[in-house]
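Since we're looking at a predicted model, the values are computed, not measured. We name chains A, B, ... by the order of the sequence lines, and we start the count at 1 in each one.
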2 protein chains.
Amino acid sequence: MATIYQVSELAGVSLATVSRVMNNNVRVSEATRNKVLQAMEQLGYRPNSIAQSLASSRSNSIGILVSELHGPFYGEMLTGIEAEFRAAGKHVIIAAGHSERATEEDGIEFLLSRNCDALILHVEAVSDQYLIELNKKQTPFVLLNRQIAALADRCISLDNELGGYLATRYLLEQGHRHIAYIAGPMWKTDARDRFHGHQRALAGYQLTAEQALFFEGDFRETGGSKGLQALLASGRPFSAVVCANDEMASGALTAARELGYEVPADFSVMGFDNVNFAYYTYPKLSTIDYPVSAMGQMAARWVLKQVYQQSSIEVQQVFNPQLIPRDSVAEAAIT
Amino acid sequence: MATIYQVSELAGVSLATVSRVMNNNVRVSEATRNKVLQAMEQLGYRPNSIAQSLASSRSNSIGILVSELHGPFYGEMLTGIEAEFRAAGKHVIIAAGHSERATEEDGIEFLLSRNCDALILHVEAVSDQYLIELNKKQTPFVLLNRQIAALADRCISLDNELGGYLATRYLLEQGHRHIAYIAGPMWKTDARDRFHGHQRALAGYQLTAEQALFFEGDFRETGGSKGLQALLASGRPFSAVVCANDEMASGALTAARELGYEVPADFSVMGFDNVNFAYYTYPKLSTIDYPVSAMGQMAARWVLKQVYQQSSIEVQQVFNPQLIPRDSVAEAAIT
DNA sequence: TAGTATTATGTAAGCGCTTTCATTTATAGC
DNA sequence: GCTATAAATGAAAGCGCTTACATAATACTA
């Protein structure tokens with residue numbers, strides 16, 4: 001592999017000049033620039049990014065920590081992030097945190113040790129305090145899907161409360177009055193926020209959430225099916241159930257079918273996230289759209305702007321969910 | 001951030017010694033090793049991976065190129081890869097190729113310019129020739145889901161032909177004799193191989209694929225629904241349709257329902273890949289399992305073995321698909 | 001046209017490590 | 001106790017770039 005030195009020799013200029021044309025910031029005369037460019041071409045020169053990093057103390061790499069690499073949700077997120085960075089010539093180092101505190105902290109350590117210029121974190125288990133401490137260190141980071149007051153300028157999140165509100169309001173508008181709720185793990189902020197939105201929507205109709213119609217699931221398919229069974233077993237009547245994410249909604253759908261119920265004839269089901277498979281379920285899942293790819297992209301832009309000084313970039317920090325009506329919700333039968 | 005120099009000072013030894021204890025290969029006396037370790041501890045020293053890379057001309061990073069970052073398939077693959085490398089302290093740089101020649105080549109260039117120690121490629125559009133050329137360059141690579149004779153030792157792939165065979169044989173065993181086929185884009189090797197397997201299974205029963213019962217899809221959902229419509233429109237009777245992947249099978253399922261058919265009562269549907277949502281469809285999709293996560297992991301191991309000399313590692317290059325019977329296939333009605 | 005401000009280029013000192021080779025120190029053999 | 005050998009450590013030369021700072025070339029001013 002050719003080095004900058006060989007290029008400089010061939011072009012008959014100094015190292016510094018070659019470096020300058022690469023980073024075309026300082027003025028180099030057209031004539032020498034061309035000479036250099038030609039020499040590079042001729043040698044098939046490609047700068048050594050490692051050496052560049054060491055000399056400039058910029059690695060041009062951004063560390064990404066997500067809970068999982070698979071699953072419909074994170075894939076979308078990564079797509080948004082990668083596209084944005086690749087266009088900017090930066091690269092992305094990825095690690096998985098598996099929603100466990102130790103693994104997440106470990107992942108952050110790992111990325112830090114890789115000299116990332118910035119981090120994009122989708123962490124769930126790590127404490128606010130830990131992140132606040134992390135913020136005192138050199139490496140800047142953005143938080144996806146998390147709100148911490150002390151770190152507000154570093155948070156990119158969805159208004160989960162609004163999403164929860166929209167889901168339930170839609171059901172109410174369809175005439176439903178007995179609405180069951182299958183929540184996510186309540187230690188997760190997004191799970192809590194979604195539920196609060198649900199409560200607010202209910203309150204708008206002078207209703208409150210019934211204890212018997214509440215089930216705390218795990219954001220997984222099995223949680224949804226178990227939840228539905230529990231709800232049914234409670235004996236309390238309901239005409240609709242809102243699930244705090246699509247996986248659980250899908251589980252609920254399957255369980256309903258297996259137990260001989262028909263959705264939405266017997267009761268309606270509402271999901272959350274609008275994950276790609278929501279479209280494949282039967283009936284197609286009515287849900288709340290989580291613009292996860294756009295949010296990933298925005299996190300990337302935040303980094304471009306704050307860390308790489310691309311000041312012209314606009315960053316949006318709070319995103320709004322949107323109702324996606326499909327086939328799993330129907331009007332409530334007249335009671 | 002503390003540097004190796006400060007550690008050496010604090011420990012009262014030379015740079016070289018510190019370096020040695022880090023890479024604990026050369027013998028260092030217990031006493032000094034402890035002194036150094038303690039000094040590191042005290043300073044919170046973390047080696048600068050960039051400097052290490054430059055000095056050792058090892059970046060400890062592996063470039064991964066997949067078609068997409070989202071979608072059920074690649075996510076699994078990445079999970080397998082990442083887990084394996086992280087445990088080995090290597091990191092992964094990811095790029096998307098979008099199944100387009102230019103973007104794929106571009107992605108490879110990009111990863112190469114990042115000084116990756118090795119590449120793991122899941123490329124579809126790039127030519128064999130290009131890869132053979134690439135093989136002459138420094139950076140070693142493994143190919144996932146591709147078979148090139150000249151590069152056989154670098155290929156990790158599924159026996160797609162066998163998969164196609166298994167799918168159709170299963171249908172035949174269930175009594176089906178008129179079997180339609182919705183293929184992937186036939187310029188893709190895996191699409192062709194799967195179809196060949198289909199033909200072989202048919203041949204085992206003295207049957208041949210009928211032209212009228214063949215449709216070339218695009219591996220997407222829409223391809224499946226269009227395909228089913230076309231097959232139905234052909235007027236040729238069939239009692240089962242095998243789809244070259246799960247997405248298309250899902251499309252076919254949806255189309256069937258919309259057209260008033262019931263699966264598997266009216267005809268059976270077979271998928272391929274056993275992608276996560278295959279379980280969420282209705283009816284649950286009978287399919288062929290593609291052990292994609294295991295294959296990703298194996299690609300990572302190949303790299304560990306060949307590039308990082310972890311010679312004890314065993315590598316398996318060809319994987320076998322497996323039949324996953326679920327609900328979308330039933331026995332053929334007696335004709 | 002000398003004097004000054006600009007612009008273009010070169011020189012050389014790092015960036016934080018690894019690694020070869022030389023040197024010192026310990027261990028063993030007789 | 002003295003040499004022969006092995007083990008532990010140190011000195012220093014890079015790895016391929018970036019970037020002050022210095023210098024040379026050119027343009028502009030009065």
Side-chain angles (χ1 to χ4, degrees), chain A residues 1-40 43-61 89 112-117 138-139 308-309, chain B residues 1-40 43-61 89 112-117 138-139 308-309:
Chain A
M1 202 68 236
T3 75
I4 195 178
Y5 180 72
Q6 300 170 38
V7 174
S8 78
E9 255 188 339
L10 213 185
V13 298
S14 75
L15 286 191
T17 304
V18 177
S19 175
R20 283 186 191 107
V21 351
M22 286 201 289
N23 306 288
N24 58 270
N25 35 8
V26 190
R27 290 137 73 147
V28 180
S29 76
E30 263 320 292
T32 56
R33 155 164 281 120
N34 285 140
K35 269 194 306 190
V36 171
L37 254 22
Q38 206 177 312
M40 285 176 167
L43 292 169
Y45 171 75
R46 212 191 291 112
N48 178 324
S49 64
I50 305 262
Q52 287 179 315
S53 295
L54 184 59
S56 63
S57 55
R58 264 285 148 80
S59 68
N60 284 315
S61 70
L112 249 24
S113 80
R114 246 50 230 205
N115 298 77
C116 294
D117 293 339
Q138 302 237 306
T139 313
Y308 298 111
Q309 278 80 258
Chain B
M1 201 68 237
T3 74
I4 195 178
Y5 180 72
Q6 300 171 37
V7 174
S8 77
E9 255 188 337
L10 213 184
V13 299
S14 73
L15 287 190
T17 304
V18 178
S19 175
R20 283 186 190 107
V21 351
M22 285 201 288
N23 305 290
N24 57 269
N25 34 9
V26 190
R27 291 137 76 145
V28 179
S29 76
E30 261 322 291
T32 58
R33 154 164 282 120
N34 284 141
K35 269 194 304 188
V36 171
L37 254 20
Q38 206 176 313
M40 285 178 167
L43 291 169
Y45 171 76
R46 211 189 291 114
N48 178 323
S49 63
I50 305 261
Q52 286 180 313
S53 296
L54 185 59
S56 63
S57 56
R58 264 286 149 80
S59 69
N60 284 315
S61 70
L112 250 23
S113 80
R114 247 49 230 204
N115 299 76
C116 294
D117 293 340
Q138 302 236 308
T139 313
Y308 298 111
Q309 278 81 259

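- Residues satisfying the side chain to side chain contact (heavy atoms under 4.5 Å, CB included) criterion with Ser113(A), sequence neighbours excluded, are Arg46(B).
- When each of Ala31(B) and Ala2(A) is assigned the nucleotide of DNA chain D with its nearest heavy atom, Ala31(B) is the one assigned upstream, toward the 5' end.
- The CZ atom of Arg46(A) sits 12 Å away from the P atom of dC17(D) (whole-angstrom rounding).
- The CD1-C1' distance, from Ile50(A) to dG14(D), rounds to 16 Å in whole Å.
- For Asn48(A) and dG14(D), the CG to P distance is 17 Å, given to the nearest whole Å.
- Taking for each of Pro47(B) and Arg33(A) the nucleotide of DNA chain C with the nearest heavy atom, the 5'-most of the two is the partner of Arg33(A).
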Please write out the pairs of protein N or O atoms and N or O atoms of nucleotides 18-23 of chain D separated by less than 3.5 Å, giving the distance to one decimal.
| from | atom 1 | to | atom 2 | distance (Å) |
| --- | --- | --- | --- | --- |
| dT18(D) | OP1 | Asn23(A) | OD1 | 3.4 |
| dT18(D) | OP1 | Asn23(A) | ND2 | 3.2 |
| dT18(D) | OP1 | Gln52(A) | NE2 | 3.4 |
| dT18(D) | OP2 | Ser19(A) | OG | 2.5 |

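- Every residue two or more places apart in sequence or in another chain that forms a side chain to side chain contact (heavy atoms under 4.5 Å, CB included) with Gln6(B) is listed here: Ala2(B), Thr3(B), Leu43(B).
- For the side chain to side chain contact (heavy atoms under 4.5 Å, CB included) test, residues two or more places apart in sequence or in another chain that qualify with Leu15(B) are Ile4(B), Tyr5(B), Ser8(B).
- The nearest whole Å value for the distance from the OH atom in Tyr5(A) to the P atom in dG16(D) is 13 Å.
- The side chain of Thr3(A) places no N or O atom within less than 4.0 Å of a non-bridging phosphate oxygen (OP1 or OP2) of dG16(D).
- Computed from coordinates, the Met40(A) CE to dG16(D) P distance equals 15 Å when rounded to whole Å.
- In this structure, Arg58(A) has no salt bridge (charged side-chain N to carboxylate O under 4.0 Å, His left out) partners at least two apart in sequence or on a different chain.
- The phosphate of dT9(D) has OP1 or OP2 within less than 4.0 Å of a side-chain N or O from Thr32(B).
- The nearest whole Å value for the distance from the CG atom in Asn60(A) to the P atom in dC15(C) is 20 Å.
- For the side chain to side chain contact (heavy atoms under 4.5 Å, CB included) test, residues two or more places apart in sequence or in another chain that qualify with Ala16(B) are Ser14(B), Arg20(B).
- The distance between atom CG of Leu54(B) and atom P of dG14(D), rounded to the nearest whole Å, is 14 Å.
- A side-chain contact (heavy atoms from CB on, under 4.5 Å) with Ile50(A) is found for one member of Ser53(B), Ser57(B), Ser49(B), Ser61(B) and no other, namely Ser53(B).
- Each end of the helix from dT1(C)-dA30(D) to dC30(C)-dG1(D) gets its own axis from five base pairs, and the two axes differ in direction by 30°, given to 10 degrees.
- Side-chain atoms of Ser59(B) come within 3.5 Å of backbone N or O of Asn115(B) as a donor-acceptor pair.
- Arg33(A) pairs by the side-chain hydrogen bond (donor to acceptor under 3.5 Å, both in side chains) definition with nothing, not counting sequence neighbours.
- A sub-4.0 Å separation between OP1 or OP2 of dT18(C) and a side-chain N or O of Ser57(B) is absent.
- For Asn60(A), the side-chain hydrogen bond (donor to acceptor under 3.5 Å, both in side chains) partners are Lys90(A), not counting sequence neighbours.
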